There are 2 protein chains.
Amino acid sequence: MSSADAARAAELAGLLKVLSDPTRLAILDRLMQGVQCNCELGECLDLPMNLISHHLKALRRAGLVSARRDPSDRRWVYYSVNREALVRLQQEVCAFFDPGRIQVRETACPRRAGVRG
Amino acid sequence: MSSADAARAAELAGLLKVLSDPTRLAILDRLMQGVQCNCELGECLDLPMNLISHHLKALRRAGLVSARRDPSDRRWVYYSVNREALVRLQQEVCAFFDPGRIQVRETACPRRAGVRG
DNA sequence: AGTATAATTCAACGGACGTTGAAGGATATG
DNA sequence: CATATCCTTCAACGTCCGTTGAATTATACT
């Protein structure tokens, strides 16, 4: 694993960390069913609004969701899923965990070498 | 999101949590290049053996890697990636984050309803 | 028996983070 | 101007967990 690969692995790990929370997945799942405001998410998932806000912030930092204010009442914020982010997520996951990358060979540990049999 | 979906989301979150660590991704990446013993992984990644063991335990609990003892010297343990687990991982990720699931509709928040315009 | 090696387990530390409650904007309405 | 609503931010708490170092186990060799 080169250092470039290590950096990409760290980046992927960060993205997966954002998604490794049941509440955030629930929010994301909910948002996939249509645009939602903060309070509606809170009611559906039975969670306080500040907690929803907290998780939405994390999802937004990761580029997974976007926010848009209601032009006719700027108190309301509507959240939606970023289609491109989902595509990119799928691509990165499928690239890293591609079963085709698995190589079949026995250990090449230098300590073990020459002592086999 | 039904309770069954919520349970599946929690399960997926748990799996992603295991993968949301750079060290574990590095180990997994390394294992995809062939069977490795604990000490070889430790040398390649410059990490103490007990830490490798700790992460391998988590990866094994998640069913992502398997272990096999060297028949000729049972002190050695060889680790390998579970191809089926990778396939399942890809399937679950692609199912949950499928962009095709995104529905286009405006908010249906009951509080906001009837006050639009 | 005694030593060496591979691996695991244990205990402890420290930082990251999800959760909670309260306070602080920002905007709309009367 | 005062009140209400939506949302965010802040502070504090508790827990999870990656990391570290030391001890333990299991096996092999002499």
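Quick caveat, the model's predicted, so the values are computed rather than measured. Lettering follows sequence order; numbering is per chain, from 1.
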Using whole Å, report how far CG of Leu47(B) lies from P of dT8(C). 15 Å
With a cut-off of less than 4.0 Å, is there a side-chain N or O of Arg24(A) near OP1 or OP2 of dG18(C)? yes
Looking just at side-chain N and O atoms, do Arg112(A) and Tyr78(B) make a donor-acceptor pair shorter than 3.5 Å? yes
From CD1 of Ile27(B) over to P of dG18(D), roughly how many Å is that when rounded to an integer? 11 Å
With a 4.0 Å limit, can you tell me whether Arg111(A) has a side-chain N or O closer than that to the phosphate oxygens OP1/OP2 of dA6(C)? yes
Checking all strands, does His55(A) fall into the base, sugar-phosphate, or nothing category for heavy-atom contacts under 4.0 angstrom? sugar-phosphate
Nearest listed nucleotide, side chain of Asp73(A), among dA7(C), dA28(C), dT8(D): dA28(C)
Separation of dT29(C) C1' from Trp76(A) CH2 (nearest whole Å): 14 Å
Rounded distance [0.5 Å steps], CD1 in Ile102(B) versus CZ in Phe97(B): 11.5 Å
For the pair made of CE in Met49(A) and P in dA23(C), what is the distance, rounded to whole Å? 16 Å
Could you state the CG-C1' distance from Asp70(A) to dA26(C), rounded to the nearest angstrom? 14 Å
Flag the pair Arg111(A) and Glu43(B) as a salt bridge only when some basic side-chain nitrogen lies within less than 4.0 angstrom of an acidic carboxylate oxygen. yes
Can you see if the side chain of Lys57(B) gets near the phosphate of dT9(C) - specifically, an N or O under 4.0 Å from OP1 or OP2? yes
Between Leu51(B) and Pro71(A), which has a closest nucleotide on DNA chain C that is more 5'? Leu51(B)
Contact list for DNA chain D against residues 60-68 of chain B - heavy-atom distance below 4.0 Å: none
Can you see if the side chain of Asn50(A) gets near the phosphate of dT9(D) - specifically, an N or O under 4.0 Å from OP1 or OP2? no
Phosphate OP1/OP2 of dT19(C): any Thr23(A) side-chain N/O under 4.0 Å: yes
State whether Lys17(A) and Asp21(B) are salt-bridged, where the test is any N-O pair (Lys NZ or Arg NE/NH1/NH2 against Asp/Glu carboxylate O) under 4.0 Å. no
Counting just side-chain N and O atoms, does Tyr78(A) come under 4.0 Å of either OP1 or OP2 of dC7(D)? no
Heavy-atom count check: over 12 atoms from other residues, nucleotides or ligands less than 6.0 Å from Arg74(A) CZ? no
Charged tip of Arg69(A) within 45° of Trp76(A) ring normal and under 6.0 Å: no
Among dA7(C), dT27(D), dC7(D), which nucleotide sits nearest the side chain of Ser53(B)? dA7(C)
Rounded to the nearest 0.5 Å, the OG atom of Ser20(B) sits from the CG atom of Leu15(B) at a distance of 10.0 Å
Interatomic distance, CD1@Ile27(A) vs CG@Leu31(A), rounded to 0.5 Å, equals 7.5 Å
Between Tyr79(B) and Arg75(A), whichever has its closest DNA chain C nucleotide further toward 5' is Tyr79(B)
Rounded to whole Å, how long is the line connecting atom CG of Leu56(A) with atom P of dT9(D)? 12 Å
At less than 4.0 Å, is any side-chain N or O atom of His54(B) found next to OP1 or OP2 of dG18(D)? Yes or no. yes
Euclidean distance, atom CD1 of residue Ile52(B) to atom C1' of dG18(D) [Å, nearest integer]: 13 Å
dT19(C) P sits how many Å from Asp46(A) CG, rounded? 13 Å
